[in-house]
2 protein chains.
Amino acid sequence: MKVKVLILPKEGLLDPEGRAVKEVLEDNGYKVKDVRVGKMIELDVEDPSQVKEIVEKFLYNPLIEEYVIE
Amino acid sequence: MKVKVLILPKEGLLDPEGRAVKEVLEDNGYKVKDVRVGKMIELDVEDPSQVKEIVEKFLYNPLIEEYVIE
C-alpha cells in the first residue's frame, strides 16, 4: 500500500531553499506571501500501520521539521 | 492562499535517495516494496490560478519529474 509522507521545515525556522524560490518568483512578478520547501516521501509498504514508526525513527528530525502522513 | 505542490522523480527513473531509504528500512526489518523521494513545495500565493504556470516554469524538470498540485 502506498502512503505519502510530507516533511516540512517547522514554521518560522530558516528555510533557505524556500526563501530562494520566493525571491525568484517575486523577481519574475508573482505575488508570493511565503514558500516552504520540504520533502515528500512515497512509501509502498506491506503494513501501513508501521509508517508512523518509520517516519519518527528514520525520516524526520523533530527539532527542525514537522510531518504529515497522508 | 496556500497550495501544495508535490514533485517526484518519474516512475522507473533512478531515485538514489529513494533506494537508500528502502535499503535502510529493509536492513531494519521493514517490508518495503518501493520508496520514492521527491520535493514538496508549499506556496502561499495571492492568485492560486498562477500555480500551474509557476511550477512548469520554475519548479520542475519535465524530463525526469512529475508533479501534482493539491
Side-chain angles (χ1 to χ4, degrees):
Chain A
M1 196 193 152
K2 285 188 185 176
V3 182
K4 272 184 200 158
V5 182
L6 308 178
I7 299 174
L8 275 178
K10 274 187 182 164
E11 206 133 2
L13 272 193
L14 196 64
D15 172 11
E17 200 175 348
R19 269 167 75 166
V21 172
K22 183 172 187 282
E23 272 170 34
V24 169
L25 296 179
E26 285 172 336
D27 290 349
N28 281 276
Y30 296 98
K31 298 223 166 125
V32 186
K33 259 177 275 171
D34 192 35
V35 179
R36 287 200 293 166
V37 177
K39 260 187 274 187
M40 126 100 178
I41 303 175
E42 192 182 76
L43 297 165
D44 189 351
V45 287
E46 217 163 78
D47 179 0
S49 74
Q50 294 181 323
V51 170
K52 189 171 187 290
E53 183 183 306
I54 288 175
V55 173
E56 298 194 343
K57 259 189 174 163
F58 300 103
L59 300 179
Y60 104 115
N61 178 344
L63 291 176
I64 56 169
E65 294 170 327
E66 56 194 31
Y67 74 89
V68 185
I69 296 171
E70 291 200 329
Chain B
M1 196 194 153
K2 285 189 185 177
V3 181
K4 272 183 201 160
V5 181
L6 308 179
I7 299 174
L8 274 180
K10 275 187 182 164
E11 205 133 2
L13 272 192
L14 196 65
D15 172 10
E17 200 175 346
R19 268 166 77 166
V21 171
K22 183 173 187 281
E23 271 170 35
V24 169
L25 296 180
E26 284 173 337
D27 290 349
N28 282 276
Y30 297 98
K31 299 223 165 123
V32 186
K33 260 177 273 171
D34 193 34
V35 179
R36 286 200 295 164
V37 177
K39 260 187 275 189
M40 124 102 179
I41 303 175
E42 192 182 77
L43 296 166
D44 189 351
V45 289
E46 218 163 75
D47 178 0
S49 75
Q50 293 181 323
V51 170
K52 190 172 185 290
E53 184 184 305
I54 288 175
V55 173
E56 298 193 344
K57 259 190 175 162
F58 300 103
L59 300 180
Y60 104 115
N61 178 344
L63 291 176
I64 55 169
E65 295 171 327
E66 56 194 31
Y67 74 89
V68 186
I69 295 173
E70 291 201 329

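Below, chain A is the first sequence line, B the second, and so on; all start at residue 1.
Per-residue heavy-atom pair counts under 4.5 Å with chain A were compared for Val24(B), Ile7(B), Val5(B), Asn28(B), and the maximum is reached by Asn28(B). When each of Val32(B), Leu59(B), Leu43(B), Asp34(B) is checked for heavy-atom pairs under 4.5 Å with chain A, Asp34(B) comes out on top. With respect to chain A, the highest number of heavy-atom pairs below 4.5 Å among Ile54(B), Asp47(B), Leu8(B) belongs to Ile54(B). For chain A, the option among Arg36(B), Glu53(B), Gln50(B), Glu17(B) with the highest count of heavy-atom pairs below 4.5 Å is Arg36(B).
For Val21(B), the part lying near chain A is the side chain, with the backbone staying farther off; criterion is any non-hydrogen pair under 4.5 Å. Both the backbone and the side chain of Val37(A) come within less than 4.5 Å of a heavy atom of chain B. Using a 4.5 Å cut-off between heavy atoms, Lys57(B) touches chain A through its side chain atoms alone. In this structure, the portion of Glu70(B) lying under 4.5 Å from any heavy atom of chain A is its side chain and not its backbone. With a threshold of 4.5 angstrom between heavy atoms, Val35(B) approaches chain A through its backbone and through its side chain. Proximity to chain B (any heavy atom under 4.5 Å) is restricted, for Leu25(A), to the side chain, taken from C-beta onward.
Scanning all heavy atoms of the two residues, the minimum distance from Glu11(A) to Lys2(B) falls at OE2-NZ, 3.6 Å.
When the side chains of ILVMFWY residues are joined at heavy-atom separations under 4.5 Å, either directly or via intervening members, Val45(A) and Tyr60(A) end up in a single hydrophobic cluster. In the hydrophobic cluster analysis, where Ile, Leu, Val, Met, Phe, Trp and Tyr join through side-chain heavy atoms closer than 4.5 angstrom, Val68(A) is grouped apart from Val3(A).
Side-chain contact between Met40(B) and Lys4(A) is absent, with no heavy-atom pair separated by less than 4.5 Å.
Taking CG of Leu6(B) as the reference point, atom CG of Leu6(A) lies at 6.0 Å (rounded to 0.5 Å).
The 12-atom threshold is exceeded at NZ of Lys10(A), counting heavy atoms of other residues, nucleotides or ligands nearer than 6.0 Å.
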